[in-house]
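Input: a single structure, listed below in structure tokens.
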Number of protein chains: 2
Amino acid sequence: MKVEILTKTENGNIQKEIIAKIKDLINFKNLEPGDKLPSERMLAEKFGVSRSNLRETIQKLEFYGILKSMPQSGTFIENIGVTAINGMLDDILRLETPDFKSLVETRILLELKIARLAALRRTDDDLKEMRTALDAYNEKVRAGEDAVEEDLIFHLAIAKAAKNSSLNTFMLVITPGIITNFEKYHVCDKNQSFMGIQEHEDIYDAIKNQDPKLAKAKMKVHFKVLYQYCYNI
Amino acid sequence: MKVEILTKTENGNIQKEIIAKIKDLINFKNLEPGDKLPSERMLAEKFGVSRSNLRETIQKLEFYGILKSMPQSGTFIENIGVTAINGMLDDILRLETPDFKSLVETRILLELKIARLAALRRTDDDLKEMRTALDAYNEKVRAGEDAVEEDLIFHLAIAKAAKNSSLNTFMLVITPGIITNFEKYHVCDKNQSFMGIQEHEDIYDAIKNQDPKLAKAKMKVHFKVLYQYCYNI
DNA sequence: CAATTAAAATTGGTTAACCAGATTGGTTTG
DNA sequence: CAAACCAATCTGGTTAACCAATTTTAATTG
């Protein structure tokens with residue numbers, strides 16, 4: 001029931017080892033925020049790992065805002081306190097690969113908010129894109145074909161209309177794991193797709209009429225089956 | 001008002017160019033899901049970029065579940081339809097660096113859900129960790145010192161208790177941007193910290209008593225000031 | 001002795017060479 | 001003729017050499 005996302009299954013362990021060693025370095029050597037880390041070459045040798053692996057790990061910690069590499073200068077500890085850094089590093093080390101349940105739970109949360117925001121912020125162009133996606137979906141379903149992709153496109157169109165780039169990014173990050181599991185466990189069968197037509201139209205209408213409460217409610221209906229399924233798996 | 005997160009400010013543009021070229025390749029050469037991409041060396045030359053840049057981009061698309069590299073074998077297109085891939089690639093290309101407003105909006109959404117889940121799922125160990133973090137926070141505030149870090153640790157402890165790894169990851173991803181902006185715009189002044197003591201205690205009590213609704217409500221109170229601030233910036 | 005400047009060493013980033021394993025095509029063999 | 005096998009080749013991953021810019025050091029000069 002594990003999903004390969006947000007963590008590299010391969011280098012994951014070696015990366016975690018490196019992160020732990022960096023944490024030790026910061027604590028043991030009493031490095032303070034703003035201080036410079038030893039050079040990549042030195043650290044790679046000290047840790048007994050390749051420089052490329054070390055660089056990948058540093059990039060990951062840059063992504064989490066803990067380190068910052070300056071070209072031809074060095075890698076620095078971001079200007080947040082050592083307590084916070086320790087807490088975040090512990091969390092990163094403890095992070096597991098999200099299971100399907102986590103993904104679905106999170107997706108529903110995101111999509112409910114997105115529906116609300118989309119109803120509030122959608123432009124006419126957004127609406128047009130949603131309509132196009134929805135038509136493509138309906139056509140596929142009526143033809144009795146698989147429409148998981150078209151479904152996805154519709155939901156991404158809504159996300160775009162919500163005008164929140166963080167939410168958009170998270171939707172994208174979550175999506176592949178969802179799709180893979182859908183296909184693996186055959187979550188979407190034909191019947192559900194047919195029900196989906198009306199549910200999608202309801203969501204679309206609510207967003208069109210700029211009714212955030214209704215949009216969220218209709219999205220909730222849409223996810224009800226998925227929600228229950230996810231909790232019985 | 002831009003935050004350096006979720007996108008590399010530097011190689012961002014070159015990466016987007018590469019992604020666009022990969023998209024063209026898939027569409028123009030009619031590559032289907034499951035197909036193998038040309039080798040890294042070939043693509044690097046064809047695109048006129050360095051192999052390392054190409055590899056970084058491929059890893060990013062692997063992260064989004066669009067490509068999959070197999071050692072000593074090749075890079076393959078994941079088994080999702082070409083429509084979905086096009087939609088996702090478009091989205092990735094359009095992704096902006098989240099602004100502060102997006103971050104705060106998303107953080108509040110995540111934290112409200114997290115508070116609810118934590119109240120439902122917290123173990124006694126979780127509670128102990130939260131208590132420790134909270135004590136550290138209170139002490140700092142009462143001493144008149146800055147307590148942004150201790151605040152963060154407390155919130156991360158709640159997130160841990162929510163037992164949802166996706167939500168945990170997203171909190172971590174969002175956090176650095178929030179901290180940076182907090183410091184930049186002096187969001188947290190001493191008065192707010194003092195109010196924070198009671199607010200935090202309320203959240204803690206609700207989670208301790210396993211009252212999800214109250215936990216969410218108290219978290220909402222806690223974020224009210226931030227929310228308003230965020231919408232007036 | 002202090003200020004200046006130039007050169008040498010150090011830095012992260014990039015490029016090219018190398019590696020082990022998977023793939024492939026042709027050859028051999030039953 | 002088909003199946004088994006082996007070597008040449010191609011693959012992503014790794015390592016080492018290289019680059020340009022920065023930082024440090026030391027020599028020079030007023």
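Throughout, protein chains are lettered first and strands after them, A, B, ... in sequence-line order, and every chain is numbered starting at 1. All figures in this text were calculated on a predicted structure; none of them were measured in a lab.
Residue Ser39(A) places its side chain closer to dG12(C) than to any other of dG12(C), dC19(C), dG13(C). Nearest nucleotide to the Met42(A) side chain, out of dT15(C), dT11(C), dG12(D): dT11(C). Here the nucleotide nearest the side chain of Ser73(A), chosen from dG12(D), dG13(C), dT22(D), is dT22(D). You'll find that the side chain of Gln72(B) is closest to dA20(C), out of dA20(C), dG12(C), dC18(C).
Contacts of Ser52(A) with the nucleic acid, taken as non-hydrogen atoms under 4.0 Å apart, include base atoms.
Atoms CG (Asp35(B)) and P (dT11(D)) sit 15 Å apart, rounded to a whole Å. Computed from coordinates, the Arg55(B) CZ to dT14(C) C1' distance equals 14 Å when rounded to whole Å. Atom NZ in Lys36(A) sits roughly 7 Å away from atom P in dG12(C) (whole-Å rounding). As a whole-Å value, the separation of Leu43(A) CG from dG12(C) C1' is 12 Å. When rounded to the nearest whole Å, the span between CD of Glu40(B) and P of dA16(C) equals 15 Å. The CG atom of Asn53(B) sits 11 Å away from the P atom of dG13(C) (whole-angstrom rounding). Separating the CZ atom of Arg51(B) from the P atom of dA16(C) is a distance of 11 Å, rounded to the nearest angstrom. The nearest whole Å value for the distance from the CG atom in Leu67(B) to the P atom in dT11(D) is 16 Å.
Phosphate contact (OP1/OP2 of dT11(D), side-chain N/O of Thr75(B), threshold under 4.0 Å): absent.
You'll find a donor-acceptor pair under 3.5 Å spanning the side chain of Arg41(A) and the base of dG13(C), going by distance alone.
Tyr64(A) places a side-chain heavy atom less than 4.5 Å from the side chain of Val173(B).
Exactly one of Asn168(A), Leu117(A), Asp126(A) qualifies for a side chain to side chain contact (heavy atoms under 4.5 Å, CB included) with Lys163(A). That residue is Asp126(A).
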Step-by-step ring pair (Phe, Tyr, Trp, His ring centres under 6.0 Å) determination, Phe170(B) to Phe170(A): CA-CA 8 Å; Phe170(B) 290 163; Phe170(A) 290 163; 3.8 Å; yes
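Between the side chain of Glu149(B) and the backbone N or O of Ala84(A), at least one donor-acceptor pair lies under 3.5 Å.
Between Arg121(A) and Glu105(B), at least one side-chain nitrogen of the basic residue sits less than 4.0 Å from a carboxylate oxygen of the acidic one, meeting the salt-bridge criterion.
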